[in-house]
2 protein chains.
Amino acid sequence: MNPVTLKQIAEELNISVATVSKALKDYPDVSKKTKALVKELARTLNYKPNTFAVNLRTRESKTIGLVIPVIVHHFFSNVIKGIVAQAEKKGYLVIILQSNESYELEKKQIDLLLNQRVDGIIISLANGTADFTHLKHVLEMGKPLVMFDKIAKIVPCSKVVIDDRKAAYLATQHLIDTRCTRIAHFRGALLPQNSIDRFLGYKKALLDNGLPYDPSLVYICECDDRSFEEGQENARQLLKDHNDVDGIFINTDLVAIGAMTEFNKQGVNVPEDIAIVGFSNWFMSSVISPTLTTINQPGVQMGKAAFKRLYREIKAIKKNKPIAPKVITLETELIKRESTK
Amino acid sequence: MNPVTLKQIAEELNISVATVSKALKDYPDVSKKTKALVKELARTLNYKPNTFAVNLRTRESKTIGLVIPVIVHHFFSNVIKGIVAQAEKKGYLVIILQSNESYELEKKQIDLLLNQRVDGIIISLANGTADFTHLKHVLEMGKPLVMFDKIAKIVPCSKVVIDDRKAAYLATQHLIDTRCTRIAHFRGALLPQNSIDRFLGYKKALLDNGLPYDPSLVYICECDDRSFEEGQENARQLLKDHNDVDGIFINTDLVAIGAMTEFNKQGVNVPEDIAIVGFSNWFMSSVISPTLTTINQPGVQMGKAAFKRLYREIKAIKKNKPIAPKVITLETELIKRESTK
DNA sequence: AAAAGAATCGAAATGGTTTTCGAAATCACC
DNA sequence: GGTGATTTCGAAAACCATTTCGATTCTTTT
């Protein structure tokens, strides 16, 4: 019922609390005899150090914070999984908060985590975040910060990303290679860096191949919980606006699947009439018909990488050896399936 | 940089630490004058109580633990969202761990959380969990425990569930009402209570309507990350085994969608040849073609209810007014769509 | 003016662990 | 036996906030 303390062990053995503590941690200045006695009794009494006291003393909580825009999302839930798994390996626990794509909430969550005195924070920014003082605040407190996916280049912290621009370039190039000449783009919201980069990759691929860039072929979607419907709506609008588009590079798979559903409904054949490349390699992409060509975005891996980096920085700060921010870029690949020729 | 402490405020104002603490907490034995002074200085210095010290003193962490079989799952990620949101409202943070459907891991996670001295634990059991001593251990430590979805009836703790048996009965009845006479069932793994209950509801509906129960019409799937493929495989097998089945009640939407895909591939029409009812109301169910009739399983609501209950029990235990376990059953509904006539 | 009452404050213990530093005990060696 | 080196241990401070209880001051009443 009442947890065992060092004091109880000490009294039982008629030695001091200090010696018990040191015995359990294998300090060299405790004899083998007493070490054995202490350890034995600790085991039988099922002694577990009081985390609160340890935290207070060591000034660390062996806990990290994670702030993401949405939890119910295939990519983000994969990232969670990666972070939690990796953290557990190193004896860290993860507190998860959801910013709901709101800057205000994000600020509040960061505050909560700092108050909780987590050892570090991993974050993927809300779409609406344009001010970064709350993030700089984290760094000023001497806490490591790692951003992933939706990052802010301006914040001097480590980041885990994929080369969105390159991946988008590859995707668009693939459409061009399969004889598409008029290629549209369904892009994400305006602010997030990855949404911008994917757009730039798309544009560059067009120009590098001597194709004109036509802004009227770029459609925006918020990519929130209405993603599928946004895909349908954009597809509908596209068919109204342009009858000559033969390929689309779409910011994310769910939107792409929405678009494909709409095309299917309207008798537009994929890939014969319009070829489609998605982004993220959601598991449903390999399962619908036609299967969706897409860019693989390795969520679990990104989560693991983010924690690994955070862990290194936590250790570094502990040793007063601050570390320079590092941008870790994970490999992606184009996965060719039936939605392109 | 270095967080402000009560001591610093006290020295600045030439009063004692005790008075500062009491002033900030509006104790009646501090004059309005000093209260104002202290609060003013605390604000300008941006004082935040050291959580570690507060935890140690109050013996609570304002943190709860959550153990779920899988994070990357539409239902569970919805539950996470509900729990995290509700917890935040009450000033609680949530530590999430994944048991990976492994009993061994689940036991370890519980241990981790108890060591961390969380104020309570919410859990959905792994499929393989058949021994419950680790859960009873939580209760013996005087920590409240709430189970949801995959529960163990035998453990005397509060539970948040839906009436799986009734829901399954409704689903099957709906198939019968739409003139299905030979109805198969794709059930979940053998151990989980909800998988058993859904099977029993299916069976009872058949018998109540004078239809024979045929065990060969019941197919098992693990409902792990291969759910979609399991749906396809079971559908394939079903077509081989029986040519007279005209309806299926399927344990979960993703499996159902896999099955529908397979039927579609083989030229079997849904709902004309075979009608299908799924379970859980995954958002894709309303989006595929044909849209899937299903049972709504309110993940976010269940999460919220689970935390609310846990919160009540935490408060009760704090006041030494232990509370009797309660089973909270949330309402579900049959959502009729195109996959049934 | 004295006694009783109320208002205001602070010393100190508490929670449990970690770690420094000094003391005591043991051993080795001449 | 004395000197120095080595083991082995424990007192105590530190981490920081909370809370009890006693002490002091001020106000009121008789």
Side-chain angles (χ1 to χ4, degrees), chain A residues 1-39 41-42 45-63 91 114-117 119 141-142 318-320, chain B residues 1-39 41-42 45-63 91 114-117 119 141-142 318:
Chain A
M1 190 79 206
N2 255 6
V4 188
T5 67
L6 289 183
K7 200 175 166 188
Q8 291 172 28
I9 296 182
E11 282 169 359
E12 186 86 17
L13 295 176
N14 269 323
I15 55 179
S16 79
V17 171
T19 306
V20 175
S21 173
K22 285 190 285 192
L24 288 173
K25 315 191 85 195
D26 267 329
Y27 271 54
D29 62 344
V30 177
S31 68
K32 289 129 264 149
K33 255 181 271 175
T34 49
K35 266 185 195 171
L37 279 173
V38 170
K39 285 182 179 174
L41 186 59
L45 258 49
N46 192 27
Y47 167 79
K48 297 283 166 59
N50 182 318
T51 316
F52 299 157
V54 175
N55 288 349
L56 179 60
R57 193 44 234 236
T58 62
R59 296 156 166 281
E60 51 177 23
S61 59
K62 292 278 189 178
T63 293
L114 288 179
N115 270 338
Q116 185 71 10
R117 282 182 162 69
D119 295 343
M141 301 266 296
K318 209 173 158 188
K319 290 179 194 163
N320 262 322
Chain B
M1 189 78 206
N2 255 8
V4 189
T5 67
L6 288 184
K7 199 175 167 189
Q8 292 171 30
I9 296 182
E11 282 170 358
E12 187 87 17
L13 295 176
N14 269 324
I15 55 177
S16 80
V17 172
T19 307
V20 176
S21 173
K22 284 190 286 191
L24 289 173
K25 312 189 90 195
D26 267 327
Y27 271 55
D29 61 344
V30 177
S31 69
K32 289 128 266 154
K33 255 181 272 176
T34 48
K35 266 185 193 170
L37 279 173
V38 169
K39 285 182 179 175
L41 186 59
L45 258 48
N46 192 29
Y47 169 78
K48 297 284 166 57
N50 183 318
T51 317
F52 299 157
V54 176
N55 288 348
L56 179 60
R57 216 18 251 247
T58 62
R59 294 157 168 280
E60 51 177 21
S61 61
K62 293 278 191 177
T63 294
L114 288 178
N115 269 337
Q116 186 71 10
R117 282 180 161 70
D119 296 343
M141 301 265 296
K318 208 172 156 187

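Values below: all heavy atoms of this structure, side chains included; hydrogens, waters and symmetry mates excluded. Quick caveat, the model's predicted, so the values are computed rather than measured. Note on naming: letters A, B, ... go to the chains in the order of the sequence lines (proteins, then strands), and numbering restarts at 1 for each one.
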Using only side-chain N and O atoms of [X], determine if any of them is under 4.0 Å from OP1 or OP2 of [N].
X	N	answer
Arg57(B)	dG16(C)	no
Lys35(A)	dT8(D)	no
Thr58(B)	dA17(D)	no
Thr34(B)	dT8(C)	no
Thr19(A)	dG10(D)	yes
Ser31(A)	dT8(D)	no
Arg59(A)	dC16(D)	yes

How many Å lie between [atom1] on [X] and [atom2] on [N], as a whole number?
X	N	atom1	atom2	value
Gln8(A)	dG16(C)	CD	P	8 Å
Ile15(B)	dA23(D)	CD1	P	21 Å
Lys7(B)	dC16(D)	NZ	P	9 Å
Tyr47(A)	dT17(C)	OH	P	4 Å
Leu6(B)	dT19(D)	CG	C1'	13 Å
Leu24(B)	dC16(D)	CG	P	16 Å
Asp29(A)	dA11(D)	CG	P	15 Å
Lys25(B)	dA17(D)	NZ	C1'	8 Å

Exercise for the section: Identify, between Leu56(B) and Pro28(B), the residue whose nearest nucleotide on DNA chain C lies closer to the 5' end. Expected result: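 Per heavy-atom nearest nucleotide, the more 5' residue is Pro28(B).
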Problem - Residue whose closest nucleotide on DNA chain C lies nearer the 5' end, Lys32(B) versus Thr5(A) - result: Lys32(B)
Exercise for the section: Answer with base, sugar-phosphate or nothing: what part of the nucleic acid does Asn50(B) contact at a heavy-atom distance below 4.0 Å? Expected result: sugar-phosphate
Practice task
Under 4.0 Å between any heavy atoms, over every strand shown, what does Phe52(A) touch: base, sugar-phosphate, or nothing? Just pick one.
Solution key: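 Counting heavy atoms under 4.0 Å across all strands, no contact is made by Phe52(A).
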Problem - Side-chain donor/acceptor of Lys22(A) to base of dG10(D), under 3.5 Å - result: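 Yes, the side chain and the base share a sub-3.5 Å donor-acceptor pair.
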Handout entry: Side-chain heavy atoms of Ile15(A) within contact of Val38(A), under 4.5 Å
Key =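 Sidechains of Val38(A) and Ile15(A): in contact.
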Exercise for the section: To the nearest 0.5 Å, tell me how far Lys62(B) NZ sits from Thr51(B) OG1. Expected result: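 Lys62(B) NZ to Thr51(B) OG1: 11.5 Å, rounded to 0.5 Å.
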Is any side-chain N of the basic residue among [X] and [Y] closer than 4.0 Å to the acidic one's carboxylate O?
X	Y	answer
Asp29(A)	Lys22(A)	yes
Asp26(A)	Lys32(A)	no
Arg117(A)	Glu60(A)	no

